[in-house]
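Note that the numbering runs from 1 along the sequence shown for the chain.
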Amino acid sequence: MEASAAGRARRGWRRARDAGSPLSRAAVLLFLSAFLVRAPPSVGYLVRLPRAFRLTQDTVKIVGSSNFPENSTAQITSTGSLIFQNFEESMSGVYTCFLEYKPTVEEIAKNLELKYIIYAYREPHYYYQFTARYHAAPCNSIYNISFEKKLLQILSKLVLDLSCEISLLKSECHHVKMQRAGLQNELFFTFSVSSLDIEKGPKPCAEHNCESSNRLSKAKNLIERFFNQQVDVLGRRAEPLPEIYYIEGTLQMVWINRCFPGYGMNILQHPKCPECCVICSPGSYNPRDGIHCLQCNSSLVYGAKACL
């Protein structure tokens, strides 16, 4: 915050104390500056946290003092700007800037107070969830377990070069009564395919379409092609069908969009970023991979994952 050249000013930043779980230091740089023409109302800012951060045990102190802040993750410049270099989740909250200045040397000192609300946010946790059914061996057969591991290996290798990963969410064997064939055994699989950080992939991605959504779209196409090929192979067989085989038409894929615990979407509170997963404000929480923060009057912190 800069003072008029006609006089001197004293500046100070203070933030409301807030308890919360700090996160690993992120390469985030945020400048907050305002001119002395008019005091604006409270303004909200979103500070992005990287997807791959890890929890640490660092403590966050109140940022204050007209000369130096008490926290090494932030600093106040000589012109009064508040700079965050390593923003952490628990640093979300209300920041107040106090300014004492003289428009001219002869005038009485004036005071100005500006409030800023700063929210951490993260990209949504989006992925594809797909289900498929296989004709199976008897439900207590070890062949089903062996086939499950083999199928997971094949699918994982299929999307490896896209820096995506396949996870088995559910595997169940059921006796299904068919109208003409009587009882038969079927395996019900539920998988998810999600994108990894590009740095964790087998090779760096230098193309223009390295975004997670593009890589997931390619992975979806590869998976659909894989199951379609199984149908083609079975259709060309002259021999009896194998004991375990894919049941045509059972592949279903759904796009899932979720926020991480402690975050949620709120188009009313954050209209400029309606699809952002913003940290839950005091009075709300998100215990799991939901979309919205739930109301909790006893929650007094930002990023609450439980209503205590």
Check this for me: Glu107, atom CD, are more than 12 non-hydrogen atoms of other residues, nucleotides or ligands nearer than 6.0 Å? yes

What closest approach, in Å, do Ser298 and Cys307 show between heavy atoms, and which atom pair accounts for it? OG-SG, 3.7 Å

Correct closest heavy-atom pair for Glu89 and Ala120 would be CA-CB, 4.4 Å

Under 4.5 Å between side-chain heavy atoms, hopping through other hydrophobics if needed: is there a path connecting Trp255 to Ile166? yes

Nearest heavy-atom contact between Leu300 and Asn297 is CD2-O, 4.4 Å

State plainly whether the residues Glu224 and Lys220 are in salt-bridge range, i.e. N to O under 4.0 Å. yes

Side-chain donor or acceptor of Ser141 paired with backbone N/O of Ala137 under 3.5 Å: no

Side chains of Leu294 and Pro287: does their closest heavy-atom pair fall under 4.5 Å? yes

Does the side chain of Tyr119 pick up a donor-acceptor pair with the side chain of Gln269 at under 3.5 Å? yes

Can you confirm if the aromatic rings of His270 and Tyr121 lie within a centre distance of less than 6.0 Å? no

Taking the inter-plane angle between the rings of His125 and Phe260 on a 0 to 90° scale, is it parallel (under 30°), tilted (30 to 60°) or perpendicular (over 60°)? parallel

Step by step, would you call Asn257 with Ile291 a side-chain contact (heavy atoms from CB on, under 4.5 Å)? CA-CA 7 Å; Asn257 194 5; Ile291 299 179; 5.7 Å; no

Got a second to check how far Ser163's OG is from Lys218's NZ, nearest 0.5 Å? 11.0 Å

Regarding Asp232 and Gln229, is there a side-chain donor-to-acceptor distance under 3.5 Å anywhere? no

Classify the ring geometry of Phe227 against Phe130: parallel below 30°, tilted from 30° to 60°, perpendicular beyond 60°. perpendicular

Which value, rounded to the nearest 0.5 Å, describes the distance between Lys305 atom NZ and Cys293 atom SG? 11.0 Å

Is any side-chain heavy atom of Phe188 less than 4.5 Å from a side-chain heavy atom of His174? yes

Under the side-chain contact (heavy atoms from CB on, under 4.5 Å) criterion, do His292 and Asn266 qualify, and how do the steps go? CA-CA 7 Å; His292 306 292; Asn266 191 327; 6.0 Å; no

Within this structure, what is the SG-CG distance for the pair Cys164 and Leu158, rounded to the nearest 0.5 Å? 10.5 Å

Could you verify whether a donor N or O on one side chain and an acceptor N or O on the other, from Asn185 and His175, lie under 3.5 Å apart? yes

Salt-bridge criterion met for Lys150 and Glu148 (N-O under 4.0 Å): no

Applying side-chain contact (heavy atoms from CB on, under 4.5 Å), run through Ser212 and Tyr126 and close with a yes or a no. CA-CA 9 Å; Ser212 296; Tyr126 39 75; 3.6 Å; yes

Is there a path of hydrophobic side-chain contacts, each under 4.5 Å between heavy atoms of I, L, V, M, F, W or Y residues, that connects Phe226 with Tyr127? no

Could you name each residue pair satisfying ring pair (Phe, Tyr, Trp, His ring centres under 6.0 Å) that touches residues 133-168, not counting sequence neighbours? Tyr134-Phe147, Tyr134-Phe189, Tyr134-Tyr246, His135-Tyr245

So do Tyr128 and Ser192 actually touch side chain to side chain, heavy atoms under 4.5 Å? no

Do any N or O atoms from the side chain of Ser299 and from the backbone of Ser284 form a donor-acceptor pair under 3.5 angstrom? yes

Closest heavy-atom contact between Ser195 and Leu216? N-CD2, 3.7 Å

I want to check something: taking the side chain as every heavy atom from C-beta on, are Arg133 and Glu186 in contact at a cut-off of under 4.5 Å? yes

Taking all heavy atoms of Leu222 and all of Leu162, pick out the closest pair and write down the distance. CD1-CD1, 3.8 Å

First locate atom CG of Leu196, then atom CZ of Arg215, and finally report the distance between them rounded to the nearest 0.5 Å. 7.5 Å

Under 3.5 Å: donor-acceptor pair, side chain of Asn144, backbone of Pro138: yes

Would you say the side chain of Val94 lies within less than 4.5 Å of the side chain of Ile118, judging by non-hydrogen atoms? no

Which residues share a side-chain contact (heavy atoms from CB on, under 4.5 Å) with Ala306, sequence neighbours left out: Leu308

Would a single hydrophobic cluster contain both Val231 and Phe191, if residues Ile, Leu, Val, Met, Phe, Trp and Tyr are joined by side-chain heavy-atom contacts under 4.5 Å? yes

One pair to check against side-chain contact (heavy atoms from CB on, under 4.5 Å): Thr250 and Glu248. What are the steps and the verdict? CA-CA 6 Å; Thr250 61; Glu248 183 179 358; over 6 Å; no

Side chains of Leu155 and Leu151: closer than 4.5 Å at any heavy-atom pair? yes

Return the minimal non-hydrogen interatomic distance between Ile244 and Ala136, and the atom names on each side. CG1-CA, 4.1 Å

Taking Asn286 for the side chain and Pro261 for the main chain, is one N or O donor matched with an acceptor at less than 3.5 Å? no

Any side-chain heavy atom of Thr96 within less than 4.5 Å of one from Glu113? yes

Do Met265 and Val278 have side chains that get closer than 4.5 Å, going by heavy atoms? no

CZ (Arg225) and CD1 (Ile223) are apart, to the nearest 0.5 Å, by 11.5 Å

